[in-house]
There are 2 protein chains.
Amino acid sequence: MGSTIEADRSAGALSAAIYHASGGELVMKNDKVSSNRMRFVSAEQVAQRAGVSRSAVSRTFTPGASVSPATREKVLQAAEELGYHVNDLARGVLNNQSRLIGIVATKPEVGFRAHLTAALAKMLIQRGSVPVLINTGETEEELLAAQKILIGHRAEATIIVSGSPPASFFELAKRNGQPVVMIGRAEPDADHVQAGNSEASEQAAAALIHAGRRRFAFAGSNSRTPAILERETAFVAAIEARGFSVRVVRGRDSDYDSGLVAARQLMAERQPLPDAVFCANDLIAFGLMDVFRLEAGLRVPQDVAVIGFDDVPQSGWLNYRLTTFRQDPDAMARRAVDLLERRVANPEGAPDVERIIPRIVLRDSFRPAE
Amino acid sequence: MGSTIEADRSAGALSAAIYHASGGELVMKNDKVSSNRMRFVSAEQVAQRAGVSRSAVSRTFTPGASVSPATREKVLQAAEELGYHVNDLARGVLNNQSRLIGIVATKPEVGFRAHLTAALAKMLIQRGSVPVLINTGETEEELLAAQKILIGHRAEATIIVSGSPPASFFELAKRNGQPVVMIGRAEPDADHVQAGNSEASEQAAAALIHAGRRRFAFAGSNSRTPAILERETAFVAAIEARGFSVRVVRGRDSDYDSGLVAARQLMAERQPLPDAVFCANDLIAFGLMDVFRLEAGLRVPQDVAVIGFDDVPQSGWLNYRLTTFRQDPDAMARRAVDLLERRVANPEGAPDVERIIPRIVLRDSFRPAE
DNA sequence: TCAGGCATTGCACGGTTGTGCATGGGAAGT
DNA sequence: ACTTCCCATGCACAACCGTGCAATGCCTGA
């Protein structure tokens with residue numbers, strides 16, 4: 001068994017066998033290779049089987065290279081029989097491009113981020129890239145560790161879906177000529193895709209006021225990510241600019257529990273409950289609606305209008321029917337990849353921004369007045 | 001500008017410059033390299049700056065290698081100044097292990113799968129591997145294309161979260177010595193992690209009967225994935241073994257809409273509605289509950305008891321409070337990685353199975369009798 | 001002071017692929 | 001039939017990194 005493989009190997013890589021043939025070491029080494037590691041088919045083996053040189057194999061799998069149909073056919077058949085696939089790693093080492101692209105995200109399983117990372121992965125694969133999902137924490141050390149993994153593997157670019165990287169992150173990427181695209185966070189030094197948070201907040205405020213609502217609240221979170229923050233400040237500003245006031249309540253993260261906390265905060269204060277709440281995202285809205293309906297006995301939208309943000313699939317569920325601002329994950333992924341391609345084509349240009357204005361989706365939790 | 005970079009390059013890689021210096025071609029090539037490709041720092045450049053040989057640099061970054069503290073310090077400083085990181089691609093080419101591990105999933109953003117893929121990614125990173133997320137369709141061609149990407153990049157292993165790969169998939173992996181671990185699907189030829197679907201179904205049936213329920217239904221889907229199928233057949237068998245009958249309704253996929261469809265199917269038939277429904281997963285249960293409550297005016301659990309499967313976070317939401325079987329994504333990821341490590345250590349062994357028995361989580365949608 | 005041993009370092013090679021260059025052969029034109 | 005040209009193919013080297021082997025230098029002990 002071992003000897004068969006050994007013979008096979010040394011036939012495949014003659015020079016290696018001759019070089020190492022000193023005192024039985026060869027057998028040891030090859031045995032280890034065949035048992036412990038993987039044994040991928042190499043271009044050399046295909047060449048031998050097809051009776052051509054290794055260059056011919058390489059050219060067969062290089063688009064636009066000059067190979068005769070006859071040898072091409074021989075090579076393809078030998079490759080098929082052996083199950084050969086070009087080693088993209090070695091190809092990457094050669095011309096310094098790995099096709100790897102990093103997606104850095106915190107909690108990529110939750111809410112809109114799940115859809116965004118999935119859309120990114122799908123789009124990158126279609127483009128011929130290889131998406132690497134780095135699921136990491138928010139802290140600077142963790143982000144830097146993620147970056148080191150990606151640089152170590154010579155990733156072509158990094159897409160940051162969440163988290164706020166330290167300056168050293170960008171410095172490191174820049175020095176290695178590695179483009180960085182951020183989604184949802186405005187970083188002056190990096191390309192980024194941004195949702196039109198302030199436009200949406202403005203629209204929500206105008207519609208609620210126009211529908212005759214008067215007691216306003218904003219349900220946000222203390223995680224203070226830029227997108228959440230922008231929605232809050234823009235909504236408060238828009239309401240106050242029209243002469244009304246807004247109560248702002250915040251949970252810890254930006255999830256369902258945050259919505260519970262926010263609603264209960266509003267109920268705890270000795271004031272009439274709001275008749276219109278704009279939530280920083282859909283998950284918060286669901287938590288808030290559940291508390292308002294089940295614990296305060298309110299009706300939505302008769303007693304209180306609720307507007308969310310993101311349009312995750314649950315917004316369409318019968319129980320919620322949430323009016324919200326649609327963020328299209330495919331569109332955002334598309335823009336991110338566009339930015340990335342433009343940056344690769346022109347590494348020296350100034351940072352670029354893609355801004356996507358979310359469109360409101362009307363459901364039962366609030367319908368604007370005619 | 002271009003000339004500066006060119007000088008820089010040729011200083012860094014003298015031999016290359018000399019070799020290629022024939023008729024101005026050098027400038028062209030280097031210009032292209034510096035503008036179009038990335039320019040990572042190589043060990044050679046660090047060696048030059050530190051005034052040592054390239055081997056010394058390599059040894060500095062190889063744990064357990066023999067380097068004097070003095071040169072080590074020089075190398076580390078030069079590496080720091082240049083922003084050097086070991087090229088894991090080239091390292092992988094050398095000893096035939098890339099640290100890349102593929103996660104193949106269909107719709108990785110939805111339901112329990114989102115949690116599972118996220119847990120896998122986190123665990124693989126902690127282990128020092130690099131998770132590649134292949135978001136692909138269910139068809140055989142798409143799965144095969146995913147596999148080709150992974151083999152091309154010499155991924156060490158593939159973890160299949162969803163989808164039913166063709167036989168050629170396993171053949172290809174086997175021939176390349178690439179371990180395949182499947183989650184949730186029993187494949188006779190591959191290692192897999194499996195949830196104890198039949199045990200859970202049995203437990204659900206027994207508890208519902210013991211609580212005095214008599215009109216049973218199972219809400220599944222026509223996607224016919226093995227896990228869904230196993231839950232259905234085991235539940236039906238368990239109920240019928242005790243002398244009762246079960247109505248089985250199915251939607252298209254295994255999501256919320258499927259629950260809507262299932263519930264409306266039950267309502268359309270001219271029979272009394274069931275007083276106990278076991279759902280193939282939580283999402284189906286949510287859809288079913290929404291229809292039963294909002295369209296049929298039923299109360300849960302008084303009129304109908306509902307049990308789900310997976311325990312996604314929404315099961316704890318106030319509006320649902322769903323009794324369900326908990327699948328721990330971290331535990332499943334842990335087992336998958338365990339399988340993988342055992343397979344790498346012993347490539348020739350027989351296929352192995354890790355079976356995880358889900359634990360029931362009691363909430364308001366059904367409480368068993370004392 | 002000399003010799004021996006040990007630690008360290010440089011050299012060259014292994015493992016992949018792509019590609020410039022030279023060459024050989026076949027086809028076509030005269 | 002000879003010459004010319006072009007296409008294809010093999011050779012060698014580029015790009016990375018780790019590591020065995022040999023040599024060198026330093027330190028210590030006698």
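Both backbone and side-chain heavy atoms feed into the values below; hydrogens, waters and symmetry mates do not.
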Rounded to whole Å, the CD-C1' distance (A/Gln97 to C/dT17) equals 13 Å

Can you tell if the side chain of B/Thr71 reaches within under 4.5 Å of the side chain of B/Arg59, non-hydrogen atoms only?
no

Rounded to whole angstrom units, what separation is found between the CG atom of A/Leu94 and the P atom of C/dT17?
11 Å

Which whole-number value in Å describes the distance from A/Gln45 CD to C/dT17 C1'?
14 Å

Between B/Leu89 and A/Ser98, the two heavy atoms sitting closest are CD2-CB, 3.6 Å

Between B/Tyr84 and D/dC17, is there a contact of a side-chain N or O with OP1 or OP2 at under 4.0 Å?
yes

Proximal nucleotide (of D/dC16, D/dG18, C/dT17) relative to the B/Ala90 side chain:
D/dC16

Side chains of A/Thr136 and B/Ile125: does their closest heavy-atom pair fall under 4.5 Å?
no

With a 4.0 Å heavy-atom cut-off, tell me which residues in residues 53-61 of chain A come close to DNA chain C, sorted by residue number.
A/Arg54, A/Ser55, A/Ser58, A/Arg59

Is any side-chain N of the basic residue among B/Asp88 and B/Arg99 closer than 4.0 Å to the acidic one's carboxylate O?
no

Listing time: all N or O pairs from protein to nucleotides 4-7 of chain C that are below 3.5 Å?
none

Interatomic distance where CD belongs to A/Glu44 and C1' belongs to D/dG10 [whole Å]:
12 Å

Basic-acidic side-chain contact under 4.0 Å: A/Asp338, A/Arg335
no

5' precedence on DNA chain C between B/Arg72 and B/Val93 (nearest-nucleotide basis)
B/Arg72

Rounding to a whole Å, what distance do you find between A/Arg91:CZ and C/dG15:C1'?
17 Å

Sorted by chain and residue number, the side-chain contact (heavy atoms from CB on, under 4.5 Å) partners of A/Glu73 (sequence neighbours excluded) come out as none

Which is more 5' along DNA chain C, the nucleotide nearest B/Pro69 or the one nearest A/His85? Just name the residue.
B/Pro69

Taking atom CD as the centre, does B/Gln126 end up with more than 12 heavy-atom neighbours from other residues, nucleotides or ligands that are less than 6.0 angstrom away?
yes

Which whole-number value in Å describes the distance from B/Leu89 CG to D/dC17 P?
11 Å

If you define the side chain from C-beta out and look only at heavy atoms, does anything of B/Arg49 sit under 4.5 Å from B/Gln77?
no

Taking B/Ile101's backbone N and O only, do any of them form a donor-acceptor pair with B/Glu156's side chain (distance below 3.5 Å, no angle check)?
no

Rounded to the nearest angstrom, tell me the gap between atom CG in B/Asn87 and atom P in C/dG15.
19 Å

From the options D/dG10, C/dT16, D/dT9, select the nucleotide whose nearest atom is closest to the side chain of A/Val52.
D/dG10

Can you tell me how far C1' of D/dA15 sits from CZ of A/Arg154, to the nearest Å?
12 Å

